[in-house]
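Only one structure is covered here, and it is reproduced in the block below.
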Amino acid sequence: MNQMENLTFFNIAFTYTSISFLLLPFLLSVQCQNGTGVSPEGCGCPLPSPPSIDELIFRDIRLAVVYPIIQAFKRTITADPLNKTGNWVGSDICSYTGFYCDNPPDNVSAIAVAGIDFNGFLLSAPTLQGFVDNLPDLAIFHANSNRFSGTVPDFSKLRYFYELDISNNAFSGAFPTTVIGLKELSFLDIRFNSFAGEIPPEIFNQPLEVLFINNNDFTSKLPENLGSTPVLYLTLANNRLTGPIPRSIGNLNSTLIEVLLLNNKLSGCLPYELGFLKELKVFDIESNLLTGPLPCSLSCLEKIELLNFANNLLYWEVPEELCALTNLVNLSLSDNFFTKVGPVCRKLIKNGVLNVRQNCIPGLPDQKSLHECAEFYLKYIRLCPYPSSYKIIPCRDNAGWNHHWGGTKAKTKTETETKKGPITYKTLSRHKF
């Protein structure tokens with residue numbers, strides 16, 4: 001009886017064991033599908049692959065077209081510390097993190113990927129080529145603070161494209177000429193990369209409104225056609241640009257609002273055409289090698305709020321007309337070689353608006369030594385070209401320069417627009433402002 005019982009037990013055990021081995025592939029398959037064994041180190045299951053495009057249903061054919069392009073780019077990403085690409089799965093592309101859809105201009109009933117915002121994603125990929133340049137309805141690409149590198153893609157086939165921000169990445173080499181000739185491009189931000197060499201003059205022939213190329217390693221002179229673009233906000237700071245400020249800057253009289261040229265190697269004298277910039281609110285050219293007197297035309301900058309000429313080689317007197325501007329909040333002339341300020345300017349010094357520390361002005365505190373001032377005036381003063389222009393004030397009715405102004409008269413204090421904080425200074429930070 002005991003032998004029969006033992007035999008029966010072994011038969012049953014063998015039967016259950018056989019069934020278990022037969023069901024093992026099925027059980028492992030179920031385990032993998034439930035996500036409990038996706039790791040190769042776990043049950044040996046292959047990692048899940050995205051569904052085939054034939055298995056998906058898209059809201060629009062345009063989304064179906066870009067799906068494989070997005071998935072191919074996703075496979076090239078080598079780092080995604082914030083898991084921003086985690087939901088780049090399935091047919092609902094418009095819900096992918098960083099992707100934005102809209103109705104394209106050529107078909108208001110269609111749905112397409114119109115914008116991409118990867119700002120602060122910290123993604124790493126060896127190139128953007130084959131990705132953004134293959135999204136036919138893309139209008140905006142913002143990718144501040146990532147680790148993209150390689151060649152900047154050619155956007156010329158993207159008929160709606162008008163905004164590009166690849167700031168604070170790992171791009172290098174020459175200025176990205178792939179952006180030149182884009183007729184609709186109005187916003188270009190390539191700051192905080194390692195671009196070097198010349199700034200191509202052609203970029204200033206485009207109808208840009210915003211141009212931020214600060215904090216790179218550009219070494220060329222400012223192009224003579226600097227004033228050919230209707231730019232509103234221009235930041236060229238923290239490069240190694242040389243030469244004088246082109247006189248063509250005066251052509252921006254109806255557009256330019258803020259310009260930052262600080263921390264370069266610009267030289268020569270200030271052009272009196274700066275006084276034509278009647279919309280200008282911020283002009284910062286601190287820490288360059290500029291010399292000569294301040295042109296009296298600066299007193300025509302009726303909207304100017306912040307004017308910074310600190311740490312240059314400027315000299316002679318500070319024009320009283322400049323100090324009389326009613327919207328000035330900060331006028332910095334420190335660390336130059338000015339010798340005289342009048343009563344209007346002294347009032348600004350007292351009010352904390354005008355900074356003239358480390359100059360050569362008798363009777364004021366914190367000035368350069370007499371020896372340093374004398375040496376400069378004996379050895380380094382050079383006359384500027386067009387010396388008579390430095391006394392011209394083009395906005396005055398009797399100056400004969402009204403054709404630059406269309407007879408515009410100064411606004412009264414009640415007509416002055418409400419002051420807002422400068423925009424361009426925010427570009428001196430790496431991250432998106």
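Below, each value reflects all heavy atoms present in this structure, side chains not excepted, and no hydrogens, waters or symmetry copies.
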Given side chains that start at C-beta, do those of Val179 and Leu185 come closer than 4.5 Å, heavy atoms only?
yes

If every non-hydrogen atom of Asn168 is compared with every non-hydrogen atom of Asn144, which pair is closest and at what distance?
CB-ND2, 3.9 Å

How far apart are the closest heavy atoms of Tyr390 and Cys269, and which atoms are they?
OH-CB, 3.1 Å

How are the rings of Phe195 and Phe171 set to each other: parallel, tilted or perpendicular (split at 30° and 60°)?
parallel

Indicate the ring-plane relationship of Phe99 and Trp88, choosing parallel, tilted or perpendicular according to the 30° and 60° boundaries.
perpendicular

Main-chain N/O of Ala310 paired to Asn308 side chain as donor or acceptor, under 3.5 Å
yes

Mind checking whether Tyr315 and Tyr377 have parallel, tilted or perpendicular rings, split at 30° and 60°?
perpendicular

Quick check for you: to the nearest 0.5 Å, what is the distance between Leu298 atom CG and Ile304 atom CD1?
8.5 Å

Pair Asn264-Asn288, side-chain donor/acceptor within less than 3.5 Å:
no

Which heavy-atom pair separates Phe141 from Ile166 by the least distance, and what is that distance?
CE2-CG2, 4.2 Å

Spacing of CG belonging to Leu313 relative to CG belonging to Leu290, to within rounding of 0.5 Å:
8.0 Å

Checking the side chain of Arg240 only, and the main-chain atoms of Ala196 only, is there a donor and an acceptor separated by less than 3.5 Å?
no

Which is it for Ile180 and Gln206 under the side chain to side chain contact (heavy atoms under 4.5 Å, CB included) test, yes or no, and what are the steps along the way?
CA-CA 8 Å; Ile180 292 176; Gln206 297 186 206; 3.7 Å; yes

For the residue pair Lys84 and Phe118, would you count it as a cation-pi contact if the rule is NZ or CZ under 6.0 angstrom from the ring centre and within 45 degrees of the ring axis?
no

Is any side-chain heavy atom of Ile93 less than 4.5 Å from a side-chain heavy atom of Arg62?
no

Run the numbers on Val231 and Phe204 for side chain to side chain contact (heavy atoms under 4.5 Å, CB included), then give the verdict.
CA-CA 9 Å; Val231 68; Phe204 294 102; over 6 Å; no

Going by distance alone, is a donor N or O of one side chain under 3.5 Å from an acceptor N or O of the other, for Glu321 and Ser299?
no

Keeping Glu320 on the side-chain end and Cys345 on the backbone end, is there a donor-acceptor pair under 3.5 Å?
yes

What closest approach, in Å, do Asn312 and Ile285 show between heavy atoms, and which atom pair accounts for it?
ND2-O, 3.1 Å

Other residues, nucleotides, ligands: >12 heavy atoms within 6.0 Å of Arg357 CZ:
no

Step-by-step side chain to side chain donor-acceptor pair (under 3.5 Å) determination, Asn263 to Asn238
CA-CA 5 Å; Asn263 294 326; Asn238 300 319; 2.8 Å; yes

Flag, side chain of Asn239 to backbone of Ile213, donor-acceptor distance under 3.5 Å
yes

Side chain to side chain contact (heavy atoms under 4.5 Å, CB included), that's the test. Do Phe175 and Ile203 meet it? Break it down for me.
CA-CA 10 Å; Phe175 186 97; Ile203 196 64; 3.9 Å; yes

How long is the gap from CZ on Phe337 to OG1 on Thr339, to the nearest 0.5 Å?
12.0 Å

Run the side chain to side chain contact (heavy atoms under 4.5 Å, CB included) check on Thr85 and Ile77 step by step: do they pass?
CA-CA 9 Å; Thr85 65; Ile77 294 174; 3.7 Å; yes

Flag the pair Tyr272 / Tyr386 as yes when their ring centroid distance falls below 6.0 Å, and as no otherwise.
no

To the nearest 0.5 Å, tell me how far Tyr160 OH sits from Ile140 CD1.
14.0 Å

Do Tyr100 and His142 make the cut of ring centroids closer than 6.0 angstrom?
no

Indicate yes or no: at least one non-hydrogen side-chain atom of Ser167 is less than 4.5 angstrom from one of Ile190.
no

Taking all non-hydrogen atoms of both residues into account, name the closest pair between Ile393 and Cys300 and its distance.
CG2-SG, 3.5 Å

Pairing donors with acceptors under 3.5 angstrom, does anything connect the side chains of Asp366 and Gln358?
yes

Between Lys303 and Glu279, is there a salt bridge with N-O shorter than 4.0 Å?
yes

Indicate the atoms forming the closest heavy-atom contact of Asp102 with Ala114, along with that distance.
CB-CB, 3.9 Å

Verify whether one side chain among Ser228 and Asn225 offers a donor that lies under 3.5 Å from an acceptor in the other.
no

How many angstroms lie between atom CG of Leu261 and atom CG of Leu234, to the nearest 0.5 angstrom?
6.5 Å

Residues which pass ring-ring contact (aromatic ring centres under 6.0 Å, His included) with Phe309, listed by chain and number, not counting sequence neighbours:
Phe283

Rounded distance (nearest 0.5 Å) linking atom CG of Leu331 with atom CD1 of Ile349
9.5 Å

